[in-house]
Amino acid sequence: MESGPTYFCQRYFLVGSNHAETKYRVLKIDRTEPTDLVIIDDKHVYTQQEVRELLGRLDLGNRTKIGQKGSSGLSRAVSAFGVVGFVRFLEGYYIVLITKRRKMADIGGHAIYKIEDTNMIYIPNDTVRITHPDEARYLRIFQNVDLSSNFYFSYSYDLSHSLQYNLTILRMPLEILKTETIQTRQESFDIFEDEGLTAQGGSGVFGICSEPYKKYVWNGQLLDIVKNTVHHDWLLYVIHGFCGQSKLLIYGRPVHVTLIARRSSKFAGTRFLKRGANSEGDVANEVETEQILCDASVMSFSAGSYSSYVQVRGSVPLYWSQDISTMMPKPPITLDQADPFAHIAALHFDQMLQRFGSPIIILNLVKEREKRKHERILSEELVGAVTYLNQFLPPEHAIVYIPWDMAKYTKSKLCNVLDRLNVIAESVVKKTGFFVNRPDSYCSILRPDEKWNELGGFVVPTGRLQTGVLRTNCVDCLDRTNTAQFMVGKCALAYQLYSLGLIDKPNLQFDTDAVRLFEELYEDHGDTLSLQYGGSQLVHRVKTYRKIAPWTQHSKDIMQTLSRYYSNAFSDADRQDSINLFLGVFQPAEGKPHLWELPTDFYLHHKNTMSLSQTRRSYTYWWTRGVLNHLPLPYDEVTCTENRRKLIVKKFHKYEEEIDIHNEFFRPYELSSFDDTFCLAMTNSIRDFMPKNVGIDPSPFTVRKPDETGKSVVGNKSNREETVLQRKTAASAPPPPSEEAVSSSSEDDSGTDKEDEGAVSQRSTPVKMTDTGDNIKITENIVQSMKDMYGINLSDVPSEDDLTIYTRFVQLGQNQHKQDKNNQQLCSKHRLDGVINLIHISSFSQDNIYEVQPPKVDKKSIDIFHAHIQAGRGTMQPLVKEDILMYREYIRNRYM
């Protein structure tokens, strides 16, 4: 539900609407309670006219003097795009509203937005406000969590779940949906119900709303107080992490590559303050990364082609920490508690089996050989935990452990790090498979690839399912982990493209436009996650491990290391307090120590330190009951009674606006500008990566030389916002000349003059044209030559010989056409049984380069056209039964 204006009064009235502003809901918030939150939702859906009348009555009834001009009983406080939630410290409640948003991606017509700005409004009136001296400090700590920094939401797509989960529940059998359908009296009311309109033509459509996965929802605590009071359309769940989308053009065919990272809200925090796992199996810096590939030429989930691959990063699931009081760059690693039965690791991997299925593959990148034991402590403990847990699992569902000392291979001059990672990636993707919502293409069946036949996962009639997941970790889960995840994602991307029939072999090479585009997405993804957890951007990137990074990169790496050290030493404690307060881990109360007075937050994140659990988990059967019965499928995606309780099923009419993806995506009721279109602003493989040189193969899978690249190179961008602004400017400006055109001046010119010429010619600033001479110069600078555009030089005027040849060709063609026509007439008179008659595919009887014969229009089409003309003149045709039914359907959906 997109929130509308909030109005001042003794009460706040929160008016929410859909995108088309045809349906409204109203919340009433009482402002006379100093500490309690009183919200009334009448659950009624208003039309635009009804809302205007309601607000008009409220305005009239709250005026101090009836009829006094200039006074108003209702005033607008703020306009917003959604409600983040409600929070209370020591005084009354605040409401947090989204006031600015920016579209970041589109999946199946469902828009994903990034929060750009928020507004906190204090709800109680000043007359009843009970002030507290520490309220302002808590408010400042809460606002240290910058909601405009990488927080995302969607009105119609569940961002907390994977694409595989969201599309799997849509394939539930119709009989189950009918039994689970929930309708309230208000929502099921139909004025045409007695006439049986619903039963005619099968106009009923089932819509499914699933409960969000709480682990990746960051405002769940802020919405808990109103979750059971208001309609679920008001609940807008927000995730934290990263979201990016780019367009891969394959000979003009658009393919959207989307990368979504969901950061866990459990045991969340900063680098040195959150290590290992808590008592419930939640690990620090846990992020689920999903890459989604879709054919953008078809938008809907039902008819389009979609594929996704999920992988996870997270700290080593043990009780361990690092003491930062010593002010050392690498504090020593300490195991805080002994865990001989791997209780914490069992809880963690049990969560993964429920969500991802089997096999769970661990890629451990920490160092194995060290002069002084540091990282190796974690490896030894993790190996023991996995070995213990595997002895109770069936062998076919055992946890796969892959240790690989990435730092050792990086230092070696004989070893190629990425080649070894590519071998690991191939084996991982073959074990887990990936998700695709369409069956294997016929060409892959006719010409099967060897690698394709070895692919794992779970094959269903509608496509493939990913079973299991790769879990990558180093010590920080930042630099090494991001590079390893990129290599696995690159391997999975090749299989995804192959499954959609876009490449002939599931293999992608470096230095192609497709891989450069994907690498840029992963660089932004890694920088964002590193800033959130470590306080700086990535220190070691993919180019660093490829050993092709420029020499200036070393100085940047040093600056990032210093920035990370400063952030960890001086600002991480304040950030940790803000996260604890925002997520509701710490809740202020009278008579309780304040947040800044706590010596540690260990007791807040480890619940077993405050109270003992009533039930003790088995040391041998360490998984949740029922999980093993459905492996390798994830338990969360299986159709069972427990999972059906998490779904809300509602029946819609097929013409209803809530399920109309076309109107949702194209917004025909809004005035839009082509330059502001999201599809134009997103990264484009042709515009931003394909070289601008002459005669270049436009395929994004062609290997380019290092000097052959587009104007946007990975690492040259300062931030995403600046890039979008540059692309919008470039889209409205004339195309710049190529490098050859700029450097083709005379050899006598100095280098400075050449640079100045290039700079001036590439400007997009408007130039005032005064006379013809200036026009000629400007045209020469802006318009590219035939050689640059087409790869060949065309003469201005063809020669006489060429004209003579072309004239003879036309005459021969016309004569041949006459002869073919006479032959056709002759054959029609003397038709023989053995002669094959060729039928035109086109509706045009004559359709060639010489003659076109329009088809004949049938009587029904002529009648429709005449009826249209008569309607324009005021003469209406009588309505038939189908027209009346359609009109009633329209009235019910529009106004009821």
For the residue pair D697 and S699, confirm or rule out a side-chain donor-acceptor distance under 3.5 Å.
no
L418/M487 under side chain to side chain contact (heavy atoms under 4.5 Å, CB included): CA gap, chis, key distance, verdict:
CA-CA 7 Å; L418 298 189; M487 289 302 298; 4.0 Å; yes
Do N364 and Y401 have a side chain donor and acceptor closer than 3.5 Å?
yes
Using atom types as modelled and distance alone, determine if a side-chain donor or acceptor of K451 lies under 3.5 Å from a backbone N or O of P506.
yes
E290 side chain to L163 main-chain N or O, any donor-acceptor pair under 3.5 Å?
yes
Distance only, no hydrogens: is a donor on one side chain within 3.5 Å (strictly under) of an acceptor on the other, for N285 and R263?
yes
Are any non-hydrogen side-chain atoms of T270 and Y533 less than 4.5 angstrom apart?
no
If you compare all heavy atoms of E519 against all heavy atoms of V542, which two are closest, and at what distance to 0.1 Å?
OE2-CB, 3.8 Å
Minimal heavy-atom distance between G433 and Q466, with the atoms involved, is O-CG, 3.6 Å
Relative to the ring of F486, is the ring of F510 parallel (under 30°), tilted (30 to 60°) or perpendicular (over 60°)?
tilted
Among L470, T472, V488, whose side chain to side chain contact (heavy atoms under 4.5 Å, CB included) with I361 holds?
L470
Could you check if a side-chain atom of E286 sits within less than 4.5 angstrom of a side-chain atom of R313, using non-hydrogen atoms only?
no
Centroid-to-centroid, F301 to H110, below 6.0 Å?
yes
Evaluate salt bridge (charged side-chain N to carboxylate O under 4.0 Å, His left out) for R480 paired with E375, printing each intermediate quantity in order.
CA-CA 14 Å; R480 286 174 282 181; E375 296 183 10; 3.4 Å; yes
Take a 6.0 Å sphere around OH of Y157 and say whether it holds more than 12 heavy atoms from other residues, nucleotides or ligands.
yes
Approximate separation, where rounding is to 0.5 Å, of N166 CG and Y306 OH
12.0 Å
Indicate the atoms forming the closest heavy-atom contact of W218 with A268, along with that distance.
CH2-CB, 3.9 Å
Is the distance between the ring centroids of Y213 and Y216 under 6.0 Å?
yes
Going by atom types only, do T289 and H525 share a side-chain donor-acceptor pair under 3.5 Å?
yes
All heavy atoms of I260 vs all of I239, minimum pair found to be CG2-CD1, 4.3 Å
So, taking the atom named SG in C474 and the one named CE in M406, what distance separates them when rounded to the nearest 0.5 Å?
8.5 Å
So S162 and F435, do their side chains get closer than 4.5 Å, heavy atoms only?
no
Using every non-hydrogen atom in the two residues, find where A407 and K367 come nearest and quote the distance to one decimal.
CB-CE, 3.8 Å
Carboxylate-amine/guanidinium contact E116 R101, below 4.0 Å
no
With a 4.5 Å limit on heavy-atom distance, are the side chains of I362 and V400 in contact?
no
Side chains of Q496 and Q291: any donor to acceptor distance under 3.5 Å?
yes
L502 side chain near L248 side chain, heavy-atom distance below 4.5 Å
no
Do R704 and T702 have side chains that get closer than 4.5 Å, going by heavy atoms?
yes
Mind telling me whether Y165 and H161 have parallel, tilted or perpendicular rings, with 30° and 60° as the class edges?
parallel
Any donor and acceptor pair, going by atom type alone, linking the side chain of S530 with main-chain N or O of G526 inside 3.5 Å?
no
Could you tell me whether the side chain of N150 and the main chain of I115 form a donor-acceptor pair under 3.5 Å?
no
Side chains of D106 and I112: closer than 4.5 Å at any heavy-atom pair?
no
Please determine whether a side-chain nitrogen of the Lys or Arg among R464 and D440 lies less than 4.0 Å from a carboxylate oxygen of the Asp or Glu.
yes
Looking only at heavy atoms, which two atoms of A484 and L363 are closest? And how far apart?
CB-CD2, 4.2 Å
State, yes or no, whether a side-chain contact exists between Y522 and T483 at a heavy-atom distance under 4.5 Å.
no
Would you please say whether a donor-acceptor pair under 3.5 Å links the side chains of Y495 and E426?
yes
Run through F153, Y152, F678, F151 and flag the one making a ring pair (Phe, Tyr, Trp, His ring centres under 6.0 Å) with Y113.
F153
